Amino acid sequence: MTSSTTTPARVVVMGGSSGIGEATAARFVADGAEVVITGRSQDRLDQAAKRIGGGVLTHRMDGADPTDIDAFFAEGGAGLGAAPVDHLVLALSGSAGSGPFLELDPAELAAGFDGKFWPYVRILQAAVPRLAADGSVTLVTAASARAAFPGTAGLAAINGALEAMVPPLAVELAPRRINAVSPGVIDTAWWSRLPEEQRTALFEGLAATTPVGRVGRPDEIARAVHLMATNGFVSGVVLDCTGGANLPTGR
Ligand SMILES: NC(=O)c1ccc[n+]([C@@H]2O[C@H](COP(=O)([O-])OP(=O)(O)OC[C@H]3O[C@@H](n4cnc5c(N)ncnc54)[C@H](OP(=O)(O)O)[C@@H]3O)[C@@H](O)[C@H]2O)c1
């Protein structure tokens, strides 16, 4: 149970039909929570609900569409009913905005902000009035925010902007708690844009330079998100979950 009351916690995972979001939803379901997962494809949502094995509601919505966001969080909207949300997790994936900086089309970087930064901002603004007073929001950001990997300046800008907002929001929106989990490389569908051979070579190379000797698994990020959401004394924190890959003295 994730709530101090006897009623199950109500959890919304945006981007819950795959990868980190799906693993997070599964972890909360295992905890006895009532979970709603969202994504743009009803088919992918249905498949995720099947994998999770019940105890999860699905709602198709585009997190980049302000109309969808407002409809979801409207009083009585989207199966939320009138009861407040205890924990909101933002795990939408945006992929645009990466690549060598000198070749980065500013329009592509803007598309990256449109795919992740602005959806997170708009969702937060719509969701906070529906959050329980002791509720939480956990943003899934990315270690690229503060790493120095060539080709990630755009992703650093998008995720760094989100991470920079966490401490002031934790104070401004208190007593609600605002945190972020900042993952290193995690083996999810996010990487399926790369051909398998290239992906395998990349993961092997990263494993060799990461202190724990491998890339991460979605459930490892889910467990970090669960901790942020359910520990009522954690607020304003950006938690690195990278296997040590972001440490300056790594290996
Ligand atoms: N995997 C990594 O190595 C890694 C590392 C650092 C940070 N992250 C961050 O972790 C978060 C989750 O990534 P992941 O690896 O779990 O990716 P994923 O497996 O591709 O899952 C992304 C989820 O977001 C949903 N989504 C994408 N765009 C959406 C939109 N506009 N509106 C609603 N839902 C949307 C997808 O469903 P639909 O496509 O059906 O909408 C899916 O459920 C992302 O913010 C990513 O930047 C990932």
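Just so you know, these numbers use all the heavy atoms, side chains as well, and skip hydrogens, waters and symmetry mates. Heads up: numbering here begins at 1 and tracks the sequence. Computed from a predicted model, the values in this text were never measured in an experiment. Both counts, for ligands and for their atoms, begin at 1 and track the order of listing.
Under a 4.0 Å heavy-atom criterion, S144 is not in contact with ligand 1. Within the structure, the closest approach of Y120 to ligand 1 falls below 4.0 Å when heavy atoms are considered. For A91, the heavy-atom gap to ligand 1 drops under 4.0 angstrom. Assignment of M61 to the shell around ligand 1 is supported, since a heavy atom sits closer than 4.0 Å. Residue contacts with ligand 1: L90 is excluded, as none of its non-hydrogen atoms falls under 4.0 Å.
The atoms of ligand 1 that sit less than 4.0 Å from any heavy atom of R44 are 38 (P), 39 (O), 40 (O). Per-residue contacts place T188 under 4.0 angstrom from the following atoms of ligand 1 (heavy atoms of the residue considered): 1 (N), 14 (P), 15 (O), 17 (O), 19 (O). Heavy-atom contacts of G39 reach the following atoms of ligand 1: 33 (C), 34 (N), 41 (O) (cutoff under 4.0 Å). Residue A189 has at least one heavy-atom neighbour below 4.0 Å for each of these atoms of ligand 1: 19 (O). Heavy-atom contacts of G19 reach the following atoms of ligand 1: 16 (O), 19 (O) (cutoff under 4.0 Å). Taking every non-hydrogen atom of V185 and a distance limit under 4.0 Å, the qualifying atoms of ligand 1 come out as 3 (O). For ligand 1, the atoms closer than 4.0 angstrom to any heavy atom of G15 are 23 (C), 24 (O), 25 (C), 43 (O). Of all atoms in ligand 1, listed by their number and element, those nearer than 4.0 Å to a heavy atom of G16 are 43 (O).
Taking both residues in full, the closest heavy atoms of S144 and T152 are given as CB-CB, 4.2 Å, listed atom of the first, atom of the second, then distance. For F28 against V89, the heavy-atom pair with the smallest separation is CE1-CG2, 4.4 Å. Here the shortest heavy-atom pairing between R199 and S192 reads NH1-CA, 3.5 Å. The minimum heavy-atom distance linking L162 with L139 is given by the pair O-CD1, 4.2 Å.
Contact check for L124 versus L169: side-chain heavy atoms found under the 4.5 Å cut-off.
Among all protein heavy atoms, the one lying closest to atom 6 (C) of ligand 1 is P183 O, 3.4 Å. Protein heavy atom closest to atom 31 (N) of ligand 1, with residue, atom name and distance, is D62 OD1, 2.9 Å. Looking from atom 10 (O) of ligand 1 to the surrounding protein, the closest heavy atom is V140 CG1, 3.3 Å. The protein atom (non-hydrogen) at minimum distance from atom 32 (N) of ligand 1 is G63 N, 2.7 Å. Counting protein heavy atoms only, atom 47 (O) of ligand 1 is closest to K116 NZ, 2.9 Å. Among all protein heavy atoms, the one lying closest to atom 36 (C) of ligand 1 is S17 OG, 4.0 Å. Of the protein's heavy atoms, I20 CD1, 3.9 Å lies nearest to atom 48 (C) of ligand 1. Nearest protein neighbour of atom 19 (O) of ligand 1, counting heavy atoms only, is S18 OG, 2.6 Å.
Inspection of the N159 and E163 side chains reveals no N or O donor paired with an N or O acceptor under 3.5 Å. S17 and Q47 form no side-chain donor-acceptor contact under 3.5 Å, judged by distance and modelled atom types alone. A donor atom on one side chain and an acceptor atom on the other are found under 3.5 Å apart for S136 and H87.
For G21, no nitrogen or oxygen atom sits less than 3.5 Å from a nitrogen or oxygen atom of ligand 1, counting backbone and side chain alike.
Cluster membership for L155 and F149, using ILVMFWY side-chain heavy atoms within less than 4.5 angstrom, is not shared. Under a hydrophobic clustering in which Ile, Leu, Val, Met, Phe, Trp and Tyr are joined whenever their side-chain heavy atoms come within less than 4.5 Å, directly or via other members, V128 and M61 fall into the same cluster.
A side chain to side chain contact (heavy atoms under 4.5 Å, CB included) with V225 is found for exactly one of N179, T230, V13, V181, namely V181.
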- Go through the steps to decide whether D187 and R214 satisfy the test salt bridge (charged side-chain N to carboxylate O under 4.0 Å, His left out), and finish with yes or no. CA-CA 10 Å; D187 188 359; R214 60 177 176 80; over 6 Å; no
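At least one donor-acceptor pair closer than 3.5 Å links the side chain of R177 to the backbone N or O of V234.
In this structure, F203 and W191 have perpendicular ring planes: the angle between them is above 60°, well past the 30° mark.
Checking W191, F203, W190 against atom 3 (O) of ligand 1, the nearest heavy atom belongs to W191. Heavy-atom proximity to atom 4 (C) of ligand 1, evaluated over P218, A142, G184, A23, is greatest for G184.
When non-hydrogen atoms are compared, ligand 1 lies under 4.0 Å from the backbone of T141 (N, CA, C, O) but not from its side chain. For R40, heavy-atom contacts with ligand 1 shorter than 4.0 Å involve the backbone as well as the side chain.
A salt bridge does not link R122 to D70: none of the charged side-chain nitrogens sits closer than 4.0 Å to a carboxylate oxygen.
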